Amino acid sequence: MLITTFPNVNKPAMTTDSSLLSSELELQQQEELYQQLLLQTVGKMQAENPDSKVIRPQPGMCVKTLSGPGQQKVFVNICQSNSVPLPPEISRDELVELLQSEDPSGYRVPMSLGEPHTEVDNNSQGCTAYDVVVNQEFFQKCQTDPLFQQFVILVSLEGLENKYNLELSRDWKVLKNRKFLGSVSEQNIRTKSRPVIEELQPQENFSATAKRPEFTLIVEPPAGDPEYLIAEIKLPGVPSSRSLVLDVGEDRLVLTARPSLFYLDVFHAFLVDQEDSVAQYNSGTQILTVTMPVVSS
């Protein structure tokens with residue numbers, strides 16, 4: 001911020017002070033220069049990061065809960081935006097069955113998790129708030145069904161726990177008269193990235209039916225902090241990498257073997273570096289290996 005100190009002037013009314021005009025002109029020129037530099041910086045960031053974009057989500061609902069053994073107050077702002085992908089369609093009965101299953105992680109909700117920011121609650125006490133952004137259409141569906149609302153709150157808390165190593169209480173409260181705590185901030189979300197698939201050897205023999213392939217997720221090293229997540233996917237009958245379409249997300253892997261041979265859509269419990277992920281298809285063993293550097297778990 002530029003602070004300009006003006007001299008004490010004692011002049012008759014309606015008299016123009018040249019030093020004041022000069023200072024105002026300098027201030028205006030510096031403001032114009034700042035705006036030019038800001039535009040150049042934003043343009044450079046967008047050029048350097050074509051696989052990401054900035055969004056401004058809409059407020060949705062505010063959830064109050066507690067964190068850790070110290071029982072610190074935490075607010076979760078669940079926001080909405082059409083820029084976030086829509087999760088797969090699921091009915092209420094399917095959601096009930098999913099929640100009662102042994103492994104409910106098979107269905108995941110795409111979301112953007114913002115950085116923590118310090119706010120002040122109604123009692124003028126300091127607290128921490130997090131912004132979670134989900135698809136707008138999915139959020140509206142959650143507003144009409146209490147079960148879906150509980151589900152989106154639950155996956156939001158789990159996402160924050162995984163990303164920031166938190167322990168959030170499941171005894172939450174949805175604030176009735178507040179959709180957001182603090183001010184809505186822009187978020188930078190990453191778009192899809194497609195790593196290169198290297199072909200080792202060609203082979204023939206196609207499979208006629210589409211199905212979910214067998215796969216294994218391996219964490220390296222097996223003990224301590226994970227450095228790599230390796231997916232090994234068996235694709236019998238796929239002769240070449242040219243028929244494979246692979247999308248690697250921050251916590252999701254989607255593979256399609258055309259024409260309608262295999263389809264795999266799996267979420268995992270890690271955040272990976274999409275840009276440095278690599279894939280290699282060995283048509284001799286007919287196994288696709290995807291190596292993804294782990295950012296956090």
Side-chain angles (χ1 to χ4, degrees), residues 50-52 84-91 94-95 97-98 101-111 135 138 155 158-159 162 189-223 225-297:
D51 295 326
S52 65
V84 177
L86 182 69
E89 182 66 28
I90 185 171
S91 66
E94 290 172 335
L95 180 58
E97 183 178 350
L98 177 72
S101 67
E102 295 182 358
D103 184 20
S105 61
Y107 181 87
R108 296 287 292 273
V109 179
M111 59 179 59
N135 177 268
F138 180 72
V155 296
E158 289 179 348
N162 291 334
I189 65 172
R190 189 184 296 271
T191 56
K192 290 183 179 179
S193 175
R194 187 169 297 168
V196 176
I197 300 177
E198 299 178 2
E199 181 181 353
L200 299 183
Q201 303 173 16
Q203 181 146 349
E204 298 182 357
N205 196 14
F206 282 86
S207 173
T209 13
K211 60 181 181 179
R212 180 183 174 94
E214 296 182 19
F215 70 95
T216 304
L217 294 178
I218 304 169
V219 178
E220 290 290 346
D225 294 333
E227 297 180 5
Y228 294 94
L229 178 65
I230 302 172
E232 294 183 349
I233 308 169
K234 297 181 180 180
L235 300 170
V238 175
S240 166
S241 64
R242 287 189 292 270
S243 61
L244 300 179
V245 178
L246 177 66
D247 286 325
V248 174
E250 290 183 341
D251 61 350
R252 184 182 186 184
L253 186 148
V254 181
L255 173 68
T256 304
R258 299 174 297 185
S260 301
L261 294 174
F262 294 100
Y263 179 74
L264 178 65
D265 187 353
V266 60
F267 286 88
H268 48 78
F270 300 89
L271 289 179
V272 301
D273 187 340
Q274 299 167 281
E275 299 302 323
D276 291 334
S277 297
V278 293
Q280 190 176 70
Y281 183 61
N282 187 326
S283 54
T285 60
Q286 297 185 329
I287 293 178
L288 174 67
T289 303
V290 186
T291 304
M292 299 163 281
V294 174
V295 176
S296 65
S297 59

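Below, each value reflects all heavy atoms present in this structure, side chains not excepted, and no hydrogens, waters or symmetry copies. All values derive from a computational prediction rather than experimental measurement.
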Asker: With Glu214, which residues qualify under side-chain hydrogen bond (donor to acceptor under 3.5 Å, both in side chains), at least two apart?
Answerer: none
Asker: List for me each residue that meets side-chain contact (heavy atoms from CB on, under 4.5 Å) alongside Pro293, sequence neighbours excluded, and say none if there are none.
Answerer: Tyr228, Asp273, Asp276, Ser277
Asker: Could you check if a side-chain atom of Val219 sits within less than 4.5 angstrom of a side-chain atom of Phe270, using non-hydrogen atoms only?
Answerer: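 Val219 vs Phe270: side chains touch.
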Asker: To the closest 0.5 Å, what do you measure between CG (Asp251) and CG (Asn162)?
Answerer: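 The distance works out to 9.0 Å.
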Asker: What's the spacing between Ile233 CD1 and Leu255 CG if we round to 0.5 Å?
Answerer: 5.0 Å
Asker: How long is the gap from CG on Asp265 to CZ on Arg108, to the nearest 0.5 Å?
Answerer: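 That separation rounds to 11.0 Å.
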Asker: Any side-chain heavy atom of Leu253 within less than 4.5 Å of one from Leu246?
Answerer: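 SC-SC contact between Leu253 and Leu246 confirmed.
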Asker: Does Glu97 CD have over 12 foreign heavy atoms under 6.0 Å away?
Answerer: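 No, not enclosed.
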Asker: Is there a donor-acceptor contact under 3.5 Å from the side chain of Gln286 to the main chain of Gly237?
Answerer: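 Yes: the side chain of Gln286 pairs with the backbone of Gly237.
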Asker: Output all residues satisfying salt bridge (Lys or Arg N to Asp or Glu O under 4.0 Å) with Glu220, sequence neighbours left out; order by chain, then residue number.
Answerer: none
Asker: Could I get the full list of side-chain hydrogen bond (donor to acceptor under 3.5 Å, both in side chains) partners for Asn135, not counting sequence neighbours?
Answerer: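 Partners of Asn135 by the side-chain hydrogen bond (donor to acceptor under 3.5 Å, both in side chains) criterion come out as none, since no residue qualifies.
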Asker: Is there a donor-acceptor pair under 3.5 Å between the side chain of Tyr281 and the backbone N or O of Leu244?
Answerer: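 Flag not set: sc Tyr281 to bb Leu244 has no pair under 3.5 Å.
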Asker: Glu89: which residues meet the side-chain hydrogen bond (donor to acceptor under 3.5 Å, both in side chains) condition with it, sequence neighbours left out?
Answerer: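 Checked Glu89 against side-chain hydrogen bond (donor to acceptor under 3.5 Å, both in side chains); matches are Lys141.
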Asker: Within the structure provided, determine whether Pro236 and Phe262 are in side-chain contact (heavy-atom separation under 4.5 Å).
Answerer: yes
Asker: At what distance, to the nearest 0.5 angstrom, does CG of Leu288 lie from CG of Leu235?
Answerer: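 Here the rounded value is 6.0 Å.
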Asker: To the nearest 0.5 Å, what is the distance between CG on Leu229 and CG on Leu217?
Answerer: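 Leu229 CG to Leu217 CG: 5.5 Å, rounded to 0.5 Å.
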Asker: Apply side-chain hydrogen bond (donor to acceptor under 3.5 Å, both in side chains) to Thr216 and list each qualifying residue two or more places apart in sequence or on a separate chain.
Answerer: none
Asker: Calculate, to the nearest 0.5 Å, the distance between atoms CD and NE2 belonging to Glu250 and His268 respectively.
Answerer: 9.5 Å
